[in-house]
Protein chains: 2
Amino acid sequence: MKKIFLKDIAAELNLSKTAVSLVLNNRGDENKISKETQKRILDFAQKNNYRPNQMARGLSLGKSETIGLIVPNISDIFYARIAHHIELRAKTLGYNVVFSSSNEDAKMEKELMYSMLNRQVDGLIIASTQKNKDEILKLREANFPFVLIDRHYPDIKTNYVIVDNFGGSKNMTQHLLKNGRRNIGLVSIKSELDAILQRRLGYETALVEEGLEINAGILKELDPFAYKSEMKDAIKDMVSGLTGIDAIVFTTHYLAASGLRELKLLDVKVPSEVAIISFDELGAFDLVDPPISTSKQPVDDIGNLAVEILVNDIEKKNIKIENQSILQTQLLIRKSCGV
Amino acid sequence: MKKIFLKDIAAELNLSKTAVSLVLNNRGDENKISKETQKRILDFAQKNNYRPNQMARGLSLGKSETIGLIVPNISDIFYARIAHHIELRAKTLGYNVVFSSSNEDAKMEKELMYSMLNRQVDGLIIASTQKNKDEILKLREANFPFVLIDRHYPDIKTNYVIVDNFGGSKNMTQHLLKNGRRNIGLVSIKSELDAILQRRLGYETALVEEGLEINAGILKELDPFAYKSEMKDAIKDMVSGLTGIDAIVFTTHYLAASGLRELKLLDVKVPSEVAIISFDELGAFDLVDPPISTSKQPVDDIGNLAVEILVNDIEKKNIKIENQSILQTQLLIRKSCGV
DNA sequence: TTGAAAGCGCTAACAC
DNA sequence: GTGTTAGCGCTTTCAA
């Protein structure tokens with residue numbers, strides 16, 4: 001396992017580095033290097049376990065064949081799944097991926113972006129905090145390839161792959177209405193994320209279209225970093241005699257998990273007393289008691305598409321790809337809604 | 001956002017690249033560069049948003065300040081969590097991390113190892129398939145820094161961070177015994193992983209120490225890639241009149257999830273008829289019906305320790321660190337065991 | 001204190 | 001068909 005370099009194999013074979021480099025990069029034919037020479041080179045490289053130094057290669061080529069992935073939190077099952085699909089697709093296209101979590105912190109996200117740029121990633125996939133408009137604009141101005149996933153900047157034209165948050169949420173709410181629920185609460189997070197806003201709007205629109213009023217008292221927005229502690233009061237408040245809700249829409253999976261926990265502690269029967277439904281899928285939502293209905297996001301498509309758009313951009317292949325995709329969610333009905 | 005290089009700032013300031021490089025790497029004082037010059041350089045760099053090209057830097061320095069992470073599957077919540085802790089710790093120590101999933105395929109794992117070595121990662125953290133002994137030995141011979149997590153090669157001396165699979169599993173089984181269960185089955189996967197073997201041994205040892213016999217009929221080992229379809233028969237078989245078990249130990253979280261699903265479909269009451277307990281924590285195990293007892297692995301410690309050992313090795317700091325760690329799992333008792 | 005110059009390993013014009 | 005040579009952007013030795 002002794003390290004061997006390009007020049008070693010050139011010397012050993014009495015050839016120039018050029019010839020070796022060309023052949024090793026599959027450009028032997030195109031440069032009319034004799035089949036025989038090619039074979040000698042390939043064999044020797046193989047036998048001696050030649051491994052090109054990608055940093056040197058990258059420096060010379062001006063690219064790293066690496067893409068950077070920035071998500072709020074890689075241990076969130078939602079992002080972990082997307083990451084997995086990104087990784088797989090990237091691999092087939094010859095790219096590695098480096099990842100980092102921003103922890104929903106705009107400043108951290110900015111730092112990560114630059115850290116990755118320093119590392120000469122060829123492109124970036126970002127599930128942004130949506131608070132780095134300036135940096136995103138700079139990326140765009142610099143013509144640097146990137147695609148936003150999960151969250152986009154509605155007023156900036158960029159590549160993105162998101163889901164129809166409005167539609168998904170409206171569907172969920174309508175499903176509850178269809179099942180006779182009339183007093184439907186919403187539990188969301190305090191956030192300026194467009195995705196979260198859209199989910200709330202979807203909920204509201206469904207109610208309004210049904211001729212119902214929106215009741216601010218049963219529309220809870222919790223601190224994203226303190227939702228666990230705030231959930232107790234929120235739920236207690238909603239199920240109290242005053243507001244007496246009969247259903248709750250949760251705008252994301254961890255809220256649903258936490259909310260269900262509290263409902264159980266308060267001995268509220270789900271779904272007979274209160275039906276629940278949630279955006280996003282937790283993976284175990286079908287095992288939970290009761291199994292939770294959900295608007296499932298197509299994580300595989302999100303990941304695959306993002307990589308395809310990005311690589312298309314990086315390699316300027318100009319394949320016709322819809323580079324602003326809004327994917328549909330899938331309504332999965334389970335027991336938590338009542339039959 | 002025009003790109004600016006070291007030589008640009010040297011030219012602009014009428015200095016040499018050396019001076020600039022030294023100052024930017026915080027070695028100004030040590031090289032007795034005047035405070036004033038230092039300030040000029042720093043200010044200029046700051047103002048013009050100088051970003052060193054890490055590939056060039058890496059090439060020159062012979063290191064990338066990147067560590068590679070190879071896991072079976074990054075979308076497995078267990079590895080995703082470890083990855084998150086690895087990432088965080090690495091960041092504080094100045095390292096980035098690239099990751100890839102081997103999908104439990106030894107050949108893929110080997111390729112990934114080499115791919116990462118090509119990319120000049122400074123070290124590797126691997127949750128190995130445990131089928132690449134030769135490659136691991138090569139790494140060791142080459143004195144390349146790496147640490148194994150989750151799975152180690154029992155007969156090779158390497159750095160590793162694993163958990164006490166035997167003890168954790170024995171504890172789980174003993175807990176069931178203590179609660180009066182006498183006919184305890186095991187559902188595991190067909191695997192040569194030492195971790196899986198140890199979990200089985202822990203189970204068996206607990207039984208034997210209690211004076212019970214090990215009944216091969218209620219010891220199921222499923223194909224890791226077909227466990228979902230095989231689970232039905234396994235469970236059916238175990239709960240049938242012939243074997244009539246009153247408890248099941250699952251050796252990993254996804255088996256428990258799948259097994260519980262089947263138990264429910266067969267209308268078996270958990271825990272009254274059959275108690276269950278599982279190695280690993282799924283995240284929603286406390287929401288599941290019934291909440292599943294578990295031997296929880298310290299994912300944070302696994303990640304943190306792995307990085308610390310690795311970086312210690314990379315930087316040859318020789319800080320005294322126990323570089324072969326066997327961490328303890330934590331028994332979390334929930335309803336699935338019966339009170 | 002500062003600068004010139006060599007070198008990290010690879011690619012790619014261009015010349016032979 | 002093949003070799004020479006000049007970079008890619010940064011670090012670092014050594015001399016001034």
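FYI, side chains are in, hydrogens and waters are out, and symmetry mates aren't considered; it's all heavy atoms of this structure. Throughout, a chain's letter reflects where its sequence line sits, starting with A, and its residues are numbered from 1.
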*asked:* Assess the residue pair A/Val307 and A/Val97 against the criterion (side-chain contact (heavy atoms from CB on, under 4.5 Å)); give the C-alpha distance rounded to whole Å, side-chain angles, the decisive distance to 0.1 Å, and a yes or no.
replied: CA-CA 10 Å; A/Val307 173; A/Val97 8; over 6 Å; no
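For the helix from C/dT1-D/dA16 to C/dC16-D/dG1, the angle separating the two terminal helix axes comes to 40°, with each axis derived from five pairs and the value rounded to 10°.
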_For nucleotides 8-16 of chain D, give me one character per nucleotide, 5' to 3': B if any protein heavy atom sits under 4.0 Å from the base, S if the only such contacts are to the sugar-phosphate, - if neither._
BBBBBB---
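The distance from atom CD1 of A/Ile41 to atom P of D/dG1 is 13 Å, rounded to the nearest whole Å. Distance NZ (A/Lys3) to P (C/dC8): 13 Å, rounded to an integer number of Å. When rounded to the nearest whole Å, the span between CD of A/Glu36 and P of D/dG1 equals 11 Å. Rounded to an integer number of Å, the gap from CD1 of A/Ile9 to P of C/dG9 is 15 Å. When the C1' atom of D/dT2 is taken as reference, atom CZ of A/Arg40 falls 12 Å away, rounded to whole Å. Atoms CG (B/Asp29) and C1' (C/dT2) sit 15 Å apart, rounded to a whole Å.
No side-chain donor from either of B/Thr158 and B/Tyr153 sits under 3.5 Å from a side-chain acceptor of the other. No hydrogens or angles considered: a donor-acceptor pair under 3.5 Å links the side chains of A/Asn73 and A/Ser75. A/Asp150 and A/Tyr79 share a donor-acceptor pair across their side chains, judged by distance under 3.5 Å alone. No donor-acceptor contact under 3.5 angstrom links the side chains of A/Thr66 and A/Arg119, judged on distance only.
Ion pairing of B/Lys39 with B/Glu36 is absent here, as no side-chain N (NZ or NE/NH1/NH2) approaches a carboxylate O to less than 4.0 Å. Ion pairing between a basic and an acidic side chain is recognised when a charged N comes within 4.0 Å of a carboxylate O; A/Lys47 and A/Asp43 show no such pairing.
Within 4.0 Å of B/Asn118, counting heavy atoms only, lies no atom of the nucleic acid at all. Using a 4.0 Å heavy-atom criterion, one finds that A/Asp8 contacts no nucleic acid atom at all.
Atom CD of residue A/Glu308 and atom CG of residue A/Asp301 lie 9.5 Å apart, to the nearest 0.5 angstrom. Going from atom NZ of A/Lys107 over to atom CG of A/Asn132 covers 11.5 Å, rounded to the nearest 0.5 Å.
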